[in-house]
Student: 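I am attaching a structure below and will ask some questions about it afterwards.
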2 protein chains.
Amino acid sequence: MVTIRDVAARAGVSQATASRALTGSDSVSAGAVAQVQAAVDELGYRTNRAARSLRTHRTDTIGLLISDVRNPFFSELSYAIEQAAAEQGIAVITTNADERVERQTDSLRALTMQQVDGLIIVPQGGGAFEEISEDIPVVLLDRRVTGADAPVVHSDNRAGSQLMIDHLVGLGHTDIALISGPQATSTGQERFAAAIERLHGHGCGPREDCLVEGDFQLASGYRAATRLLDLPRRPSAIFAGDNLMAFGALQAIREQGLRIGHDVALVSFDDTDWFPLLDPPMTVISQDVHALGMRAFDTLQARMDGQDAQDACLPVRITVRGSCGAGSTALRARRRS
Amino acid sequence: MVTIRDVAARAGVSQATASRALTGSDSVSAGAVAQVQAAVDELGYRTNRAARSLRTHRTDTIGLLISDVRNPFFSELSYAIEQAAAEQGIAVITTNADERVERQTDSLRALTMQQVDGLIIVPQGGGAFEEISEDIPVVLLDRRVTGADAPVVHSDNRAGSQLMIDHLVGLGHTDIALISGPQATSTGQERFAAAIERLHGHGCGPREDCLVEGDFQLASGYRAATRLLDLPRRPSAIFAGDNLMAFGALQAIREQGLRIGHDVALVSFDDTDWFPLLDPPMTVISQDVHALGMRAFDTLQARMDGQDAQDACLPVRITVRGSCGAGSTALRARRRS
DNA sequence: CTCTTCGGTGGAAACGTTTCCATCGGCGGC
DNA sequence: GCCGCCGATGGAAACGTTTCCACCGAAGAG
């Protein structure tokens, strides 16, 4: 293994100067820099990160804790963050917590052991995580959590729910069911509360039996939709709190031989590549997931530089396609009844 | 920061004994271990990985190079590998190369800089990567590449193509188009070659204009399908070389107002969560992606332990749904003509 | 009873950086 | 012409581990 000592010897300078030439921070003569660079090339020197970390207490590595990278929302997030980080020469260690708070604890422990410089966390469940984020910069992503003083980067969930409710009501729906995310999470809670408020604002408060709490996972969406469809008076529209539950609901609807947008409207928070390809395509609230990821990284980097970063709330928009029942005569009739 | 020296002092043993007690490898008395453990708990000691790495030349970190984590195939792979690694206390740094060989080079450089203990690589393009994998254990995943002596973990691509062709021909299709992956990649090449051979075996060799080479990306599938559908004599079935190109092809088919499984059959290599929800659902060759990931990790670990690991070829199976045109009278008529 | 062996331990030397501190010319200001 | 400052450099001390080597006592073999 070729060390910086070898480089220094080859370049005819001291170890200290070689180091300075390589890190580029301190004052070194142009001549020395050239000598050192030449020596590096000749010898094929590569700096040993472990040794550097030991001295500098930095690893140029950050941790990313998400629920499940197989969920398109998190894939995109993870992709965006990796891109942003790579540009700055920072590596990303990703862990999946599967919406389980104990796995979050394990992961965070492992990540801090790995000596990451910072942490981007999508908090699992409602659990607060004391002990963990002792003195390492943290940014919360997508969800907020009580008792953490870290900045939060998230989408405007309330606005999203409002846009969707307005749209559904505008189409004539008055009997709207909600499959909400877990009320222990801020996203689940905000989306749900805002939707309820808006429904009341429109004078069509929801029926009690049309409000089902899921857990953001596919199976819960399936169960919820099954229950909703079995109701004596079937709701005319179902608004799912995330793409996975919408997916589950879609399966349930299909299974009962019903068609979305015709027999029952189905709309969702979060877009997905293939939602446009459904028949009819799915009306959704789209988050700018890529921006969310990049913003989270920028915020983390600001914090790592010692600046105190602000929360960020990114706008969402509604993408109207067909599953909301616009243009369906059958649903129109049902809506009138 | 509390060091192992502090722990040793508190436990009333030497630094050396404390270290031995913690790593658990060497011979230490049970009493000493207990003392040290107690001291660790009291002081809240956490071992400094950088210092350990500096001595041991290990980082307990591996690198994973994939094309794009937003592709469900790679999400699943990435998930499986992270799970397997976490169980062994190993962290995974993931990078996306976007099927671009220059980004692969950059990523590998970054990963080796990070001093990873091993590398799982899905090779991009056809590019060989000399210089990189000097003395660090590497496992190739999904695709093989010329001139690398690393073990390869992959699915049985040839069998997959054969299964699908047999099935299509069995349904009466004689006019089958192929949207292949890039012939520079082993997967693209094997799947294509096996399909061609099998077609000839059935006595229905493909038309020249029904063979289109894509690049595993969505857009290329779209373009290819568009071209195929515009042919004077439209093929009765299209076999896409991966899920992304199938997705693109699906968009093209939809755009022309055609229905899969009725006007034209569409089948694909790789399954996806939502393929079953298409109308009709998509017939595919399913790989056991989770097993692929776990196997890759196991193989890498074997190599890191100095054992020389074998290539692994995992079986695939065909999942017959509706998009192949089974049960469609319209397509049956076309097939007869 | 002596010699060897062996489990358990401590001292101290690495591992490869960064950086503090000191040194040394040279140059501008007085 | 001298003093002080400043840019450039070198020596050497950390950073927190693991592990080599040496040592000690007890136990087993002869």
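Throughout, protein chains are lettered first and strands after them, A, B, ... in sequence-line order, and every chain is numbered starting at 1.
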Student: Between A/Glu82 and B/Asn96, is there a donor-acceptor pair closer than 3.5 Å when you use the side chain of the first and the backbone of the second?
Tutor: yes
Student: On the side chain of B/Arg55, is there an atom forming a donor-acceptor pair with the base of C/dG16 - under 3.5 Å, no angle test?
Tutor: no
Student: Report which part of the nucleic acid B/Arg49 touches: base, sugar-phosphate, or nothing (heavy-atom distance under 4.0 Å, all strands).
Tutor: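 Counting heavy atoms under 4.0 Å across all strands, no contact is made by B/Arg49.
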Student: Where the side chain of A/Ala51 is concerned, which of C/dG16, C/dG10, D/dT9 is the nearest nucleotide?
Tutor: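 Minimum distance to the A/Ala51 side chain belongs to C/dG16.
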Student: So that I can tick it off, tell me whether A/Arg58 and A/Asp60 are bridged by a salt bridge, with the cut-off set at under 4.0 angstrom between side-chain N and carboxylate O.
Tutor: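 Salt bridge between A/Asp60 and A/Arg58, a charged N being under 4.0 Å from a carboxylate O: yes.
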Student: Consider side-chain contact (heavy atoms from CB on, under 4.5 Å). Of A/Asp68, A/Thr185, A/Leu244, which one does A/Phe216 pass it with?
Tutor: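 Running side-chain contact (heavy atoms from CB on, under 4.5 Å) over A/Asp68, A/Thr185, A/Leu244 with A/Phe216 returns exactly one hit, A/Thr185.
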Student: Taking only the side-chain heavy atoms of A/Ser27 (C-beta and beyond), determine which of D/dG7, D/dG16, D/dA12 contains the nearest atom.
Tutor: D/dG7
Student: Name the closest nucleotide to the A/Ser14 side chain, picking from D/dT9, C/dT18, D/dG10.
Tutor: D/dG10
Student: Categorize B/Ser19 for me: base, sugar-phosphate, or nothing, with a 4.0 angstrom heavy-atom threshold over every strand shown.
Tutor: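 Counting heavy atoms under 4.0 Å across all strands, the contact made by B/Ser19 includes a base.
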Student: I need the CG-C1' distance between B/Leu43 and D/dG16, as an integer number of Å.
Tutor: 15 Å
Student: In this structure, how many angstroms lie between the P atom of D/dT18 and the CG atom of B/Leu22, rounded?
Tutor: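 It is 7 Å, rounded to the nearest whole Å.
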Student: When the distance from CZ of B/Arg52 to P of C/dT17 is rounded to whole Å, what number comes out?
Tutor: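 Computing the B/Arg52:CZ to C/dT17:P distance gives 21 Å.
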Student: Applying a 4.0 Å non-hydrogen cut-off, can you work out what A/Ser53 is touching in the nucleic acid: base, sugar-phosphate, or nothing?
Tutor: nothing
Student: Quick one: is B/Thr17 getting a side-chain N or O under 4.0 Å of the C/dG8 phosphate, OP1 or OP2?
Tutor: no
Student: By nearest atom, which of the nucleotides C/dG10, D/dT17, D/dG10 is closest to the B/Thr3 side chain?
Tutor: D/dT17
Student: Using a cut-off of 4.0 Å on non-hydrogen atoms, how would the nucleic acid contact of A/Ala50 be classed: base, sugar-phosphate, or nothing?
Tutor: nothing
